[in-house]
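By convention in this document, chain letters (A, B, ...) are assigned in the order of the sequence lines, proteins followed by strands, and residues within each chain are numbered from 1.
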Amino acid sequence: MIVKKIREELLKHLPEDLPFKVEPPREEAFGDYATNAALVLAGRLKRPPRELADELAGKLSARADLFSKVEVAGPGFINFFVAPGYWQSVVKEVLSRGEDYGRSELGRGRKVQVEFVSANPTGPLHIGHGRGAAVGDTLARILSFAGYEVVKEYYVNDRGRQMEILGRSVWLRARELSGEKIDFPEDHYRGDYIKDLARKLLAERPNLLTLPEEEAVAIARDFALREILEEIKQDLIDFGVSYDVWYSERGLYERGEVEEALRALSEAGHLYEKEGALWFRASAFGDEKDRVVRRSNGEPTYFASDIAYHREKFLKRGFDLVVDVWGADHHGYVPRLKAVLSALEIDPERLQVLLIQMVNLIEGGKLKSMSTRAGEFVTLRELMDEVGRDAVRFTFLTRKCDAPLEFDVELAKRQSQENPVYYVQYAHARLSSVFRKTEEAGLKLETFGDADYTRLDTPEDFKLFKLLDAFPQVVEDSARSLEPHRLTYFLLDLATAFHDYYTKHRFLSEDEELSRARLALARAVKQVLKTGLNLLGVSAPERM
RNA sequence: GCGCCCGUAGCUCAAUCGGAUAGAGCAUUGGACUACGAAUCCAAAGGUUGGAGGUUCGAGUCCUCCCGGGCGCGCCA
């Protein structure tokens, strides 16, 4: 990573806390990397930026092993032209680190939890959950690769009012199936899957309807929960998502965590009673208003569970950082949860909430509308079956998550240049094909290590070197900013550079030394494509 | 009414804690396979970054106001 080296060199001559940047300039004429260090320093020292830039450039240009030229330009930017020898050494670096190339120590083993999807087990996952799954899972992979100790978790709301309604929904459908005329309530779950569950339950428990209502509903509830959760797990597995922990809300109560958390808040003086209910003084910590934690009927609210859950994450389970991935419709919930952390004297910055915006499904140029209650929604399963796992995951990862996403079904299905996932995968498959040819030609792979990299000297070679060199930085940036889509865009760039290279140069030629060097480059590119696709949870096919 | 998110090329989107002349893909037009996979490549054209002020060496990015769209504002989850 040349950026790191430039930064290190600069820091030898600059105050440690100076917030300067080193980044590739827009114009190639301005070198490979540029820094605004002199401009920032000028503001602090009240000295002319050009003058400071000249001084710095003079010192840095001594590193002839790294730079072929260091110049001052514009208002005081310092432009670095990296020595060809450095670039060429990147291939060797990639090959020697292999699948660990890009792995970093950024996290230094800090414990981070990524909690995502956590959809109520009251129905199948829909495409919105799918987006959350893709983002959460990929983020977890990236954080892990960047040196964090990561736990992936799904919080299961397996108690409370929604569960009761679910049980009643199934029970009512079961009665309907046995010929009874039912006026199905508006606020119950109306999807067809409820009827399927009712049918299955009746087959298992033929005596269900002879039982007292309360008992029958409880049976229906537990049955539906188990069945739906199994389906959710299977959907996620097929989507390439596996969890370390399935966390039960019910368990929180059984272990007394909720009462303990409320007691802690109470002892700290942050709770009060009003109109028979118990309130948390959220407004004292930046929230709009105070929030109920225990209703006047004695039932704790969902919020109470969440207080206990997050308290446990930080105080008992020892996570340094917690990332919650939520649907954007829950955004109003963030301030109250952060308020709880403040009240518990936990730095609220240690909780990062990613709000995933809506997915609009476009089919035949038309928007498909959705409503969970009415049962009209496209499920993740249906979308996967229709367009394929790789295309779905990749598409979900082509946007920053706080922007709504338009998912064009027909486009995602098309196996052509319009579909970016195939563009990247094709690059990988093409490279695989090159190596199949290489084997046929009988070239020895082991000899790549001592290839003469100075033979790689075209503009297309350097374009690839720079991208390979930047990969570890992209991983770190994605981890730091919690923005997996940066990696997606990097892979598209790398694939573009490779396809361009492929049409201009041959990997296999009469010139054996040149072939050897180019194959080494090809192998490095293939490695980084594969590592990157793995991080996205998208396959890197040998053939397509 | 209050709060959060979004507004960038015809369409879908990028743009690194504020950096130099705002970039891709698609669509449009024109071109490239007698050698490793044409699911590819090259070129042209496409912009008052929703609008108006402000902050400064420098603003798509930060601040204020306005316009438009989405989502919240419950002793639901």
Side-chain angles (χ1 to χ4, degrees), chain A residues 3 19 21-27 29-30 34-36 39-40 42-43 48-49 73-77 79 120 122 157 160-163 165 187 249 274-279 288-289 291-297 299-303 305-306 327-335 355 357-358 360 362 398-400 402-408 411 414-420 422-423 425-427 429-438 440-441 473-474 477-478 480-481 483 485-486 488-489 492-493 495-496 498-509 515 518-519 522 543-544:
Chain A
V3 194
K21 286 167 70 162
V22 179
E23 59 186 6
R26 244 186 256 286
E27 287 290 317
F30 296 145
T35 181
N36 64 346
L39 291 163
V40 182
F77 289 101
N79 298 333
N120 284 346
T122 52
N157 301 118
R161 197 175 134 72
Q162 297 306 314
M163 279 294 104
I165 293 177
D187 63 347
E249 183 187 6
K274 191 179 85 181
E275 294 162 6
L278 190 62
W279 297 69
E288 285 177 13
K289 44 185 151 182
R291 308 291 177 178
V292 171
V293 293
R294 187 158 53 216
R295 296 191 277 265
S296 48
N297 68 5
E299 267 291 298
T301 58
Y302 174 83
F303 183 41
S305 309
D306 243 355
D329 53 343
H330 290 71
H331 69 258
Y333 203 80
V334 178
L355 298 168
Q357 283 289 347
M358 205 174 15
N360 291 314
I362 309 289
T398 54
R399 306 280 188 279
K400 55 178 173 227
D402 53 5
L405 183 149
E406 298 225 338
F407 195 111
D408 187 324
L411 190 149
R414 235 169 287 165
Q415 301 196 0
S416 73
Q417 53 184 330
E418 295 164 61
N419 191 343
Y422 296 117
Y423 186 83
Q425 289 183 318
Y426 181 53
R430 252 184 161 178
L431 280 159
S432 305
S433 172
V434 168
F435 286 107
R436 282 194 293 272
K437 289 284 177 202
T438 306
E440 286 169 24
Q473 189 66 44
V474 171
D477 288 346
S478 302
R480 211 190 323 260
S481 62
E483 292 179 339
H485 76 280
R486 293 181 188 221
T488 314
Y489 279 89
L492 285 165
D493 279 349
T496 301
F498 166 72
H499 285 311
D500 181 41
Y501 192 98
Y502 189 93
T503 52
K504 288 185 177 148
H505 307 291
R506 289 189 52 79
F507 290 98
L508 302 169
S509 67
S515 299
R518 283 186 175 165
L519 283 168
R543 300 170 198 271
M544 296 172 66

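For B:G37, one of the phosphate oxygens OP1 or OP2 lies less than 4.0 angstrom from a side-chain nitrogen or oxygen of A:S433. Here A:R295 does not reach the OP1 or OP2 of B:G74: none of its side-chain N or O atoms lies under 4.0 Å away.
Side-chain contact between A:M163 and A:T122 is present, with heavy atoms from C-beta onward closer than 4.5 Å.
One atom, CD of A:E406, and another, C1' of B:C26, lie 14 Å apart when rounded to the nearest Å. The CG-C1' distance, from A:D408 to B:C26, rounds to 10 Å in whole Å. To the nearest angstrom, P of B:A38 lies 14 Å from CG of A:D500. Look at CZ on A:F507: it is 12 Å from C1' on B:G37, rounded to the nearest Å. Rounded to whole angstrom, the span from the CG atom of A:L492 across to the P atom of B:A24 amounts to 13 Å.
Checked against side chain to side chain contact (heavy atoms under 4.5 Å, CB included), A:P335 has the following partners two or more places apart in sequence or in another chain: A:D287. Shown here are the side chain to side chain donor-acceptor pair (under 3.5 Å) partners of A:R486, two or more places apart in sequence or in another chain: A:S481, A:E483. Residues passing the side chain to side chain donor-acceptor pair (under 3.5 Å) test with A:T496, sequence neighbours excluded: A:Y423. Take A:F507 and apply the ring-ring contact (aromatic ring centres under 6.0 Å, His included) test, not counting sequence neighbours, and it matches A:Y501. Applying the ring-ring contact (aromatic ring centres under 6.0 Å, His included) rule to A:Y426 yields the partners A:H499; only residues at least two apart in sequence or on another chain are considered. By the side chain to side chain donor-acceptor pair (under 3.5 Å) test, A:S509 pairs with A:S515, sequence neighbours left out. By the ring-ring contact (aromatic ring centres under 6.0 Å, His included) test, A:Y333 pairs with A:F303, A:W326, sequence neighbours left out. Residues passing the side chain to side chain donor-acceptor pair (under 3.5 Å) test with A:S305, sequence neighbours excluded: A:E249, A:Y253.
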Report, as a single string ordered 5' to 3', how protein heavy atoms within less than 4.0 Å touch nucleotides 29-34 of chain B: B base, S sugar-phosphate only, - not at all.
------
Return a single string for nucleotides 15-21 of chain B, one symbol per nucleotide in 5' to 3' order, where B is base contact, S is sugar-phosphate-only contact and - is none, cutoff 4.0 angstrom on heavy atoms.
SBB-BBB
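Taken together, the paired segments of RNA chain B that extend over three or more consecutive Watson-Crick or G-U pairs, each closer than 3.5 Å at both contacts, are B:1-7 with B:67-73, B:10-13 with B:23-26, B:28-32 with B:40-44, B:50-54 with B:62-66.
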Quick test: give all pairs of protein nitrogen or oxygen and nucleotides 67-73 of chain B nitrogen or oxygen below 3.5 Å, distance rounded to 0.1 Å.
unit_1: B:C71; atom_1: O2; unit_2: A:H331; atom_2: NE2; d: 3.4
unit_1: B:C73; atom_1: O2'; unit_2: A:K289; atom_2: NZ; d: 3.1

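Side-chain atoms of A:Y302 lie closest to B:A77 of the nucleotides B:A39, B:A77, B:C13.
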